[in-house]
Amino acid sequence: MSEILPASAMRADVEIDVAIIGAGAAGLVAALRAAETGAEVLVLERDAKPTGSTSMSSGFVPAPATRFQRAIGIADDTPELFAADIAAKNHGTGDAALAATVSKAIGPALEWLADSHGLEWLVLDDFLYPGHSRHRMHAVPERTGAALLQRLAAAADAAGIMVATGAHVTGLFADGKKIVGCRIARADGGEEQLACKALVLACNGYGGDPDLVKQHIPEMASAVYHGHAGNRGDAVLWGEKLGAELRHLSGYQGHGSLAYPQQILITWAVMMEGGIQVNANGERFSNEHGGYSEQAVNVLAQPGGFAWNVYDRRIHDFALNFPDYREAFEASAIRTAPDARSLAAAISVDADRLEATLSAVGEMQCGATADPFGRDFTTKLALAAPFYAVKVTGALFHTQGGLVVDETARVLGLDGSPFPNLFATGGAACGVSGPDVSGYLSGNGLLTAIALGYLAGEAAGTSR
């Protein structure tokens with residue numbers, strides 16, 4: 001129940017300066033920032049334990065011009081260059097002003113999290129993510145989204161921030177454009193009403209609502225949803241009822257490499273390091289370097305809606321650096337064989353076709369022929385036996401459209417004017433990917449979660 005209720009109907013049990021809905025990266029960063037302004041902050045989390053999209057992600061955050069980059073010799077990255085990469089990926093269909101805003105904010109946000117809250121960041125420079133012109137992916141040492149969320153939760157606890165779990169916000173109380181409080185359903189069946197001076201929506205998108213997915217991104221209606229079930233579109237539904245501007249609801253992050261049926265993410269580094277994808281016929285069907293988001297659609301279009309990642313021992317050994325890949329290996333999702341024909345038997349594809357595919361790739365990797373799909377194979381070593389393979393499908397990870405916000409993450413109305421005390425961050429806000437799956441640049445989700453959380457927290461904390 002995502003209701004908008006009249007302010008006159010509210011009988012508040014307690015009052016807080018800043019209420020934040022959602023305890024993922026977006027909500028916790030907003031809470032930490034708001035608390036630093038002196039505001040009293042309460043984070044409302046519907047689950048018994050915060051998990052959400054952050055914990056299901058890789059945990060990689062793109063940021064330019066950070067001291068962490070400079071420490072490993074990357075001194076020429078800038079917010080402007082990052083914003084240009086974002087625009088190139090979405091073909092100019094995204095919000096350029098928002099891209100500029102988050103590109104400038106994300107570096108200072110990560111350095112602030114390190115300096116004020118003890119988060120450790122390392123820059124992943126072992127391979128360049130699709131669409132990025134510089135090595136700018138940052139991660140906590142564990143290299144997982146779950147570890148990132150754990151570190152943010154520990155920081156919130158150390159800062160004395162209250163996080164109420166099992167607190168499902170089912171309605172907002174509003175006086176015109178001003179939000180005055182929210183209605184909370186507790187896990188024990190009770191109900192509370194909370195008055196607030198500012199509200200931050202950090203409750204992600206609508207990927208967990210099949211009806212909204214079917215309405216806005218019908219091509220993914222039957223795809224595996226590899227996101228949090230609680231992402232039911234509350235922010236979008238509240239925004240519609242409040243008269244907020246919504247944009248790019250057809251935008252989303254897909255992924256063309258989710259191990260099937262194990263549903264474990266297989267790092268796209270496998271492709272970037274020289275791996276290929278073949279269908280049930282043993283044939284390639286696309287440029288695997290186009291981007292892992294749009295590759296979800298390409299994989300789903302294959303017979304049976306699946307593909308095989310095919311690579312060699314060098315790439316397998318490299319991929320073992322990624323926790324998700326190790327999990328897939330331990331779950332016996334990875335097949336191996338001493339030669340192409342044996343691999344074909346192991347994965348039940350036509351041996352002649354798979355052997356011909358690998359032979360053709362070998363010719364492209366030595367520069368003898370060009371790839372008909374436009375991929376440059378000459379930058380990586382040729383694939384060599386023994387071979388490895390994992391069955392994958394295309395999946396929906398999270399939506400990218402949502403509430404339009406200004407440079408302080410304040411929600412804007414249909415008339416362009418801001419709501420005085422309503423903010424949105426992460427998947428609740430319209431991101432920078434534009435209206436199409438192909439516009440998603442690696443890391444866009446956590447980029448807007450942390451950058452807009454940083455901006456929203458400060459603005460909400462000082463708007464009292």
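Numbers here are sequence positions counted from 1.
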Would you say [X]'s side chain and [Y]'s backbone share a donor-acceptor pair under 3.5 angstrom?
X	Y	result
R232	G208	yes
D85	S133	yes
D312	I315	yes
D234	S2	no
T399	G401	no
S293	G254	yes
E363	A360	no
E458	Y454	no
W268	E288	yes
T448	N444	yes

Is [Y] close to [X] at the side-chain level, that is, under 4.5 Å between some pair of heavy atoms?
X	Y	result
R136	L124	no
L149	L28	yes
Y292	S257	no
H289	Q295	no
K380	E273	yes
S58	R143	no
H398	Y440	yes
P303	N281	yes

I'd like to know if [X] and [Y] make a salt bridge, using a cut-off of under 4.0 Å between side-chain N and carboxylate O.
X	Y	answer
K104	E407	no
D77	R70	no
R353	E355	no
D371	R284	yes

Atom pair [atom1] ([X]) and [atom2] ([Y]), whose distance is rounded to the nearest 0.5 Å:
X	Y	atom1	atom2	value
K214	S222	NZ	OG	10.5 Å
S348	L354	OG	CG	11.5 Å
I347	D350	CD1	CG	11.0 Å
Y325	E330	OH	CD	11.5 Å
T425	L452	OG1	CG	4.5 Å
W308	Q302	CH2	CD	14.5 Å

Worked check of side-chain contact (heavy atoms from CB on, under 4.5 Å) between D317 and L320: CA-CA 5 Å; D317 290 343; L320 287 171; 4.3 Å; yes

Test item: side-chain donor near acceptor, [X] and [Y], under 3.5 Å:
X	Y	answer
D47	H228	yes
E294	S438	no
D339	S342	yes
Y311	Q277	no
E36	H117	yes
S53	N231	yes

Check [X] against [Y] and note the closest heavy-atom contact, atom names and distance.
X	Y	result
P62	G443	CD-O, 3.4 Å
H248	C430	ND1-SG, 3.8 Å
N90	G434	CB-N, 4.4 Å
I334	Y388	CG2-CD2, 3.9 Å
A30	I20	C-CD1, 3.8 Å
V405	L98	CG2-CD1, 4.2 Å

K391 charged N/C atom sitting above F306 aromatic ring, 6.0 Å / 45°: yes

R314 to F318 six-membered ring, cation-pi geometry met (6.0 Å, 45°): no

Ring centroid separation F60 to H138 under 6.0 Å: no

Test of ring centre spacing under 6.0 Å for Y129 and H135: no

Side chain to side chain contact (heavy atoms under 4.5 Å, CB included) partner of L447, the single match among V61, V102, L441: V102

Atom CZ of R313 with >12 non-hydrogen neighbours under 6.0 angstrom: no

Pair R375-I276, side-chain contact (heavy atoms from CB on, under 4.5 Å): steps then yes or no: CA-CA 11 Å; R375 174 175 164 180; I276 62 172; 4.1 Å; yes

Check against side-chain contact (heavy atoms from CB on, under 4.5 Å), V310 and L343: CA-CA 9 Å; V310 176; L343 183 68; 3.9 Å; yes

Worked verdict on D352 versus R341 for salt bridge (charged side-chain N to carboxylate O under 4.0 Å, His left out): CA-CA 8 Å; D352 290 337; R341 299 192 74 84; 2.9 Å; yes

Check against side-chain contact (heavy atoms from CB on, under 4.5 Å), F329 and H316: CA-CA 10 Å; F329 182 64; H316 166 75; 3.7 Å; yes

